[in-house]
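Below is one structure, written out as structure tokens; comments come after it.
Chain naming here is simple, since letters A, B, ... match the order of the sequence lines and numbering starts at 1 in each. If you're wondering where the values come from, they're calculated on a predicted model, not measured in any experiment.
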Number of protein chains: 2
Amino acid sequence: MTDKTRTRGRLPMQIPADAQRQGGPVSAARRRFLAGSAAAGGALAAGGLLGGKALAGNPENLPPNIPDWSRYLGAGVDAHPYGMPVEFESHVVRRNVEWLTATSESSVNFTPIHEMDGFVTPNGLCFERHHGGMAIVPPEDYRLMINGLVDRPLIFTYQDIMRFPPESRFHFLECAANSGMEWRGAQLNGVQYTHGMIHCVYYTGVPLKTLLQEAGVKTSAKWILAEGGDSAGMTRSIPLEKALDDCMVVYSMNGERLRAEQGYPVRLIVPGWEGNMWVKWLRRIEVGDKAWYHREETSKYTDLLPNGKARKFTWVMDAKSVITSPSPEKPMRAEGPQVLKGLAWSGHGRISRVDVSLDGGINWQAAQLHGPVLPKALTFFTLPFEWHGQELLLQSRAMDETGYVQPRMAALQEVRGVNSIYHNNSIQTWLVNANGVVDNVRLG
Amino acid sequence: MTDKTRTRGRLPMQIPADAQRQGGPVSAARRRFLAGSAAAGGALAAGGLLGGKALAGNPENLPPNIPDWSRYLGAGVDAHPYGMPVEFESHVVRRNVEWLTATSESSVNFTPIHEMDGFVTPNGLCFERHHGGMAIVPPEDYRLMINGLVDRPLIFTYQDIMRFPPESRFHFLECAANSGMEWRGAQLNGVQYTHGMIHCVYYTGVPLKTLLQEAGVKTSAKWILAEGGDSAGMTRSIPLEKALDDCMVVYSMNGERLRAEQGYPVRLIVPGWEGNMWVKWLRRIEVGDKAWYHREETSKYTDLLPNGKARKFTWVMDAKSVITSPSPEKPMRAEGPQVLKGLAWSGHGRISRVDVSLDGGINWQAAQLHGPVLPKALTFFTLPFEWHGQELLLQSRAMDETGYVQPRMAALQEVRGVNSIYHNNSIQTWLVNANGVVDNVRLG
């Protein structure tokens with residue numbers, strides 16, 4: 001899975017003076033000389049940022065040579081009505097871990113966050129978590145029922161929902177079990193698997209408050225039940241206060257309609273709260289005066305404590321961050337300047353700061369946050385650094401606008417013990433070995 | 001192409017009292033009664049927003065009936081490593097107009113903006129404009145040469161570029177010829193074709209300034225030439241001041257690597273300026289002391305004025321907006337409440353305000369801008385309104401933070417005459433007919 005090759009550093013090769021020409025590409029007659037100089041490499045340009053010698057690829061393609069793709073026509077604009085990634089990126093896919101679950105219908109796959117830049121997740125790479133497989137719901141057959149403690153029980157069609165004033169917002173969706181395997185030590189040697197149950201897209205839909213007002217919520221109401229149309233009948237209890245705050249019934253992600261695996265045609269979003277509550281293929285909203293205590297909020301999505309009691313209703317995803325590159329899937333390729341990349345998020349609001357350590361938490365420096373920094377959304381951060389073959393212990397530590405600081409695992413376990421599966425938001429450590437290989441390790 | 005069907009209004013159907021149950025879905029034994037009540041429709045809920053009677057789809061699927069997708073397992077998480085849109089959205093694709101160009105290799109297709117919500121364009125739907133078809137460039141063979149008036153002519157590999165500190169920003173890309181057919185009157189009866197040569201994605205890459213500093217720009221330098229690796233050898237002159245301002249050499253869009261049709265592995269972005277300058281498959285940057293006056297800035301991308309002279313170097317895309325729904329492809333489906341949707345943008349910075357008129361510019365009201373409102377990026381706007389079968393003349397008018405106001409076509413033609421192809425940013429008018437059909441019309 002991880003690319004363990006390590007090449008010598010690349011450089012911006014200095015071009016021999018007599019190869020420097022103005023205007024268009026140089027004729028193919030110059031190929032031999034330039035190919036030769038390329039194979040030999042070149043001295044590091046004075047003041048140049050990058051070091052090393054070797055050159056990748058085919059020297060025949062070095063400018064000012066004329067490669068084939070500059071010689072012949074490519075595909076036209078009618079070739080790909082809906083575009084897909086280029087063949088060279090075919091390794092950038094969602095992946096599942098077969099031994100993790102008994103069936104693929106009640107299972108999860110993971111977003112390849114180590115291959116991604118920025119805070120927006122492309123729809124094709126948003127991780128999937130299904131409990132009864134991916135439901136396929138024809139939009140003309142879709143219905144949403146609102147019943148229970150309401151003045152007017154209602155049934156909405158897809159077109160009904162599209163006709164209410166919409167809102168649009170970016171939000172992250174994180175599974176409560178993201179990083180769950182790591183509670184018992186470093187177990188999955190890849191950031192796609194330790195932290196890939198997360199994505200962040202731009203949602204458009206109708207505030208749940210709007211639909212509840214349409215039905216008229218009785219004064220005795222305190223909770224809602226969200227029920228999915230999938231074969232698992234996914235159901236979760238949500239406090240009315242949250243339902244009336246920032247929950248939305250959405251039909252679009254990143255500009256286009258929801259993908260089937262994300263609940264097409266309509267899903268619930270519960271910003272900042274665990275992904276299991278974001279009910280897909282939303283079929284029914286029941287309004288009640290108490291929680292329902294269904295399967296997903298009792299035997300699942302609760303945390304057994306050392307004293308035998310269980311934490312329940314642990315909805316909010318606390319501030320968390322992870323370094324996505326370097327990572328086990330992104331080993332060091334060369335000595336010299338590097339760019340460290342990562343993601344941070346908080347269910348309580350905006351990320352205010354991310355610190356990065358190269359020495360296992362002894363020294364910290366602030367990473368650059370790439371805007372827009374939005375509440376309850378992913379934030380992309382980077383930090384340039386130098387590497388010359390020394391061992392490193394990479395860590396990132398997120399802070400949010402409430403002042404909360406991402407904890408170490410030892411601090412989490414003092415409170416929660418070692419029985420937990422969910423809500424591991426502790427600091428992750430990557431060991432960079434002298435040979436460039438990166439491993440998942442536990443520092444406590 | 002356009003769906004001209006018009007159905008009666010939908011409603012949130014009121015549920016008969018004796019069908020109101022608590023808890024999970026009602027047993028299939030209740031089907032007949034509920035199907036019957038569904039077919040009959042229901043009275044409009046008191047205080048309900050929506051009007052009408054008919055119900056779409058299969059009454060067998062009405063809750064609390066149990067449809068098939070709630071009965072049987074769906075596909076597992078290993079079915080789609082890279083996800084695609086659901087079958088019901090297969091009409092949402094880039095489309096080209098065969099009579100518009102002689103070949104598909106030097107042609108354009110259009111983004112289906114009428115089907116989209118929000119300001120982010122999914123990578124698979126970003127319009128394509130090629131002059132020699134889509135080049136396929138293996139990343140290991142990619143090279144970028146910087147030469148001309150520099151201290152150190154350099155050649156960068158793909159990995160070199162990835163090792164410089166990155167920046168990430170949203171920007172719109174608009175072809176200078178977007179809406180170009182409309183200079184001579186309303187000609188293309190669809191917003192995908194009149195305004196679909198635009199997209200907006202989140203780019204990650206290296207500031208061009210960083211790479212130019214690496215090579216060392218001589219004091220005599222005033223311009224750069226950007227040269228593409230495609231078979232058209234696309235080349236444009238860009239003032240050094242812009243190159244050192246906000247231009248970037250990018251390798252990612254919306255979190256994943258560039259799509260081949262968008263210049264994989266590396267393209268230039270020139271925020272706010274015409275798309276033709278955003279050179280794809282970027283092969284060479286030459287630094288010089290004057291413009292090169294290549295084909296794309298002389299015989300093309302200039303505007304012939306009535307006096308026989310031509311406007312040259314018309315780089316900036318001025319403030320513009322368009323209503324994407326209702327539109328010729330999005331006719332009125334029902335009377336009652338509607339949501340008007342549109343997009344606005346400016347090459348000079350942020351959109352400050354969008355006004356909408358339902359009566360051809362006599363009366364205006366401010367639309368809601370959906371954040372984040374970012375400089376030189378698309379801004380999504382909406383406006384709820386009522387329709388009861390009357391004719392409408394829909395217009396939108398954008399203003400940007402410089403105080404510039406989107407003009408009428410008549411005002412543009414006073415200055416530019418009628419020979420223009422490029423830079424039509426005038427107010428667009430849609431006629432909503434009494435039967436719900438929407439047409440492209442010219443009000444002047």
Practice problem: May I ask you to decide if the ring planes of F119(B) and F170(A) are parallel, tilted or perpendicular, using 30° and 60° as cut-offs? | Solution: perpendicular
Quiz item: Where does S107(A) contact chain B at under 4.5 Å (heavy atoms): side chain, backbone, both or neither?
Solution: both
Practice problem: State whether the side chain of S231(B) and the backbone N or O of R71(A) hold a donor-acceptor pair below 3.5 Å, judged by distance alone. | Solution: no
Exercise. Return the set of residues passing side-chain hydrogen bond (donor to acceptor under 3.5 Å, both in side chains) with H294(B) (not counting sequence neighbours), or none when no residue passes.
Key: T235(B)
Practice problem: Could you tell me which portion of M253(B) (side chain, backbone, both or neither) has an atom closer than 4.5 angstrom to a non-hydrogen atom of chain A? | Solution: neither
Self-check item: Residue among I136(A), D141(A), D230(A) satisfying side chain to side chain contact (heavy atoms under 4.5 Å, CB included) with W69(B)
Solution: D141(A)
Self-check item: Under 4.5 Å from any heavy atom of chain A - which part of V92(B)
Solution: backbone
Exercise. Let me know if P384(B) has heavy atoms under 4.5 Å from chain A in its side chain, its backbone, both or neither.
Key: side chain
Quiz prompt | Residue part contacting chain A, namely of S168(B), when any heavy atom lies under 4.5 Å | solution = both
Practice problem: Would you mind checking which part of P112(A) comes under 4.5 Å of any heavy atom in chain B, side chain (CB onward), backbone (N, CA, C, O), both or neither? | Solution: neither
Quiz item: Using non-hydrogen atoms only, which part of E87(B) is less than 4.5 Å away from chain A: side chain, backbone, both, or neither?
Solution: side chain
Exercise. Return the option, out of P138(A), P139(A), P372(A), with the maximum number of heavy-atom pairs under 4.5 Å with chain B.
Key: P138(A)
Quiz item: What part of Y72(B) lies closer than 4.5 angstrom to a heavy atom of chain A: side chain, backbone, both or neither?
Solution: backbone
Quiz item: So, N96(B) side chain and V77(A) main chain: donor-acceptor pair closer than 3.5 Å or not?
Solution: no
Quiz item: Which heavy-atom pair separates E261(B) from G83(A) by the least distance, and what is that distance?
Solution: OE2-CA, 3.9 Å
Quiz item: Checking E256(B) against chain A: side chain, backbone, both or neither under 4.5 Å from a heavy atom?
Solution: both
Practice problem: Check whether S70(B) gets within reach of chain A through its side chain, its backbone, both or neither, counting any heavy atom under 4.5 Å. | Solution: both
Exercise. State whether the side chain of R94(A) and the backbone N or O of H80(B) hold a donor-acceptor pair below 3.5 Å, judged by distance alone.
Key: yes
Quiz item: Between the side chains of S252(B) and D117(A), is a donor N or O closer than 3.5 angstrom to an acceptor N or O?
Solution: yes
